[in-house]
Amino acid sequence: MPVLVPGPASPSLTQRMAMLSNFAMVKVSYKVFPDGESYIRLEEPIKDDVAIIVQSCPPPQDKRIIELLQLIDASLRAGASKVVVIVPYLAYSRQDKVFLNYEALSSKIVARVIESVGAHAFITVNAHSEMVLSYFKIKALSADAFPEIAAYLSSLNLKSPLILSPDKKRYPEAQRVAKLLNAEATFFEKKRDLVTGGITTEERPLNVEDRDVIIIDDIISSGGTVANAARIVSRGNPKRIVAACIHGLYAAGAVDKLVAAGVQEIISTDTIETKTSRISVARPLLESLRQVVED
Ligand code: R5P
């Protein structure tokens, strides 16, 4: 029987996965040395079972990645027959290709390192792109949590909802959520300056008067993308603006930026465990896990 190995960044999610499955959870002790280095030890052997490590990698990303690698190594030393690595939020995914000459291809480095330490399979949630998964030579899957977001939204008693993607690239996800809610979907076009990181969003009037507008993205990081969309939408007198995302990173004062732009409610999943994590990805992760463990 597989066992769950909880990483320090994903305690609640691992607990939920244990509750929804009949997998036991291994006890793990963590500490940080005075100089900042991480130490990880499994407190019991795994005895030839499959270890399922659950460790997200939000900030401080580099530390979270080292802890993940330590968990893989410790699980193998504890006797795991196979290690399945679940990284609900995979850091560096947005550097999934070379945008400017001579940049590091960070996403590929992360995949290579996870594999080289001994992972046998990899699962994330809503990978930023297919490219990210293609860098793994081991089996790599992406669980889909947008239906969970749709299910949560359907409990909010929304008034003629408009599902808005703040970036045309993400419109297919917005369309999928809208379909599940039987609602309308649309998008804005956004451009990011590759050097300054500054975001510009097209100004396009939408019919939002007295409607609930749900701005949906995969990641909220600085909040600039969603804030731009919210500012444009708020001019049309909507009833409420809700921001929903899979991965709520909230860097650089993002929450204040979103509120100042007119967002009344922010919701995210527990790929990154924060105060806005109203939706759990435990169920879609267990579904993806079945494909890997049964192989
Ligand atoms: C971009 O490709 C992503 O889908 C998000 O739109 C982006 O990462 C959000 O970043 P920020 O919150 O910094 O605008």
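Model, not experiment: these values are computed from the prediction. Atoms within each ligand, like the ligands themselves, are counted from 1 in listed order.
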Query - Shortest protein heavy-atom distance from atom 4 (O) of ligand 1, along with the residue and atom involved - result: D218 OD1, 2.6 Å

**Report entry** Atoms in ligand 1 flagged as close to I199, the criterion being non-hydrogen separation under 4.0 Å
**Finding:** 14 (O)

Query raised in the report: Angle class for the Y39/F33 ring planes (parallel below 30°, perpendicular above 60°, tilted otherwise)?
Result: perpendicular

Report summary line: Contact region, D217 to ligand 1, non-hydrogen atoms below 4.0 Å, reads side chain

Query - Donor-acceptor pair, side chain of S234 and main chain of G262, under 3.5 angstrom - result: no

Query raised in the report: Is there a donor-acceptor contact under 3.5 Å from the side chain of Q95 to the main chain of K97?
Result: yes

Query raised in the report: Is the shortest heavy-atom distance from the side chain of I52 to the side chain of V5 under 4.5 Å?
Result: no

Query raised in the report: In terms of atom number and element, which parts of ligand 1 are under 4.0 angstrom from non-hydrogen atoms of T225?
Result: 6 (O), 9 (C), 10 (O), 11 (P), 14 (O)

Requested in this report: Look at atom CZ of R235 and say whether more than 12 heavy atoms of other residues, nucleotides or ligands are closer to it than 6.0 Å.
Outcome: yes

Requested in this report: Determine whether the side chains of D96 and H128 contain a donor N or O and an acceptor N or O closer than 3.5 Å.
Outcome: no

**Report entry** Atoms of ligand 1, numbered as shown, that sit under 4.0 Å from any heavy atom of I220
**Finding:** 12 (O)

Query raised in the report: Around atom CD of E43, are there more than 12 heavy atoms of other residues, nucleotides or ligands at under 6.0 Å?
Result: yes

Requested in this report: Just need the protein heavy atom nearest to atom 9 (C) of ligand 1, so name the residue and atom and give the distance.
Outcome: I219 O, 3.4 Å

Query raised in the report: Is a donor on one side and an acceptor on the other found under 3.5 Å between the side chain of S142 and the backbone of V125?
Result: no

Query raised in the report: Considering only heavy atoms of G224, which atoms of ligand 1 have at least one such atom less than 4.0 Å away?
Result: 12 (O), 14 (O)

Report task. Taking only heavy atoms of K169 into account, list the atoms of ligand 1 that are under 4.0 Å away from them. Result -> 2 (O)

**Report entry** Nearest-contact summary for atom 2 (O) of ligand 1 - protein heavy atom, Å
**Finding:** H128 CE1, 3.2 Å

Query - Numbered atoms and elements of ligand 1 in range of R94, under 4.0 angstrom, heavy atoms - result: 8 (O), 10 (O)

Query raised in the report: Would you say G223 and ligand 1 have an N/O pair spaced under 3.5 Å apart?
Result: yes

Query raised in the report: Within the side chain of H247, is there an N or O that forms a donor-acceptor pair under 3.5 Å with the backbone of S221?
Result: no

Report summary line: min-distance protein heavy atom vs atom 13 (O) of ligand 1 -> S222 OG, 2.6 Å

Query raised in the report: Where does R192 meet ligand 1, judged by heavy-atom distances below 4.0 Å: at the side chain, the backbone, both, or neither?
Result: side chain

Report task. Please could you name the atoms of ligand 1 that R170 approaches to less than 4.0 Å, counting only its heavy atoms? Result -> 4 (O)

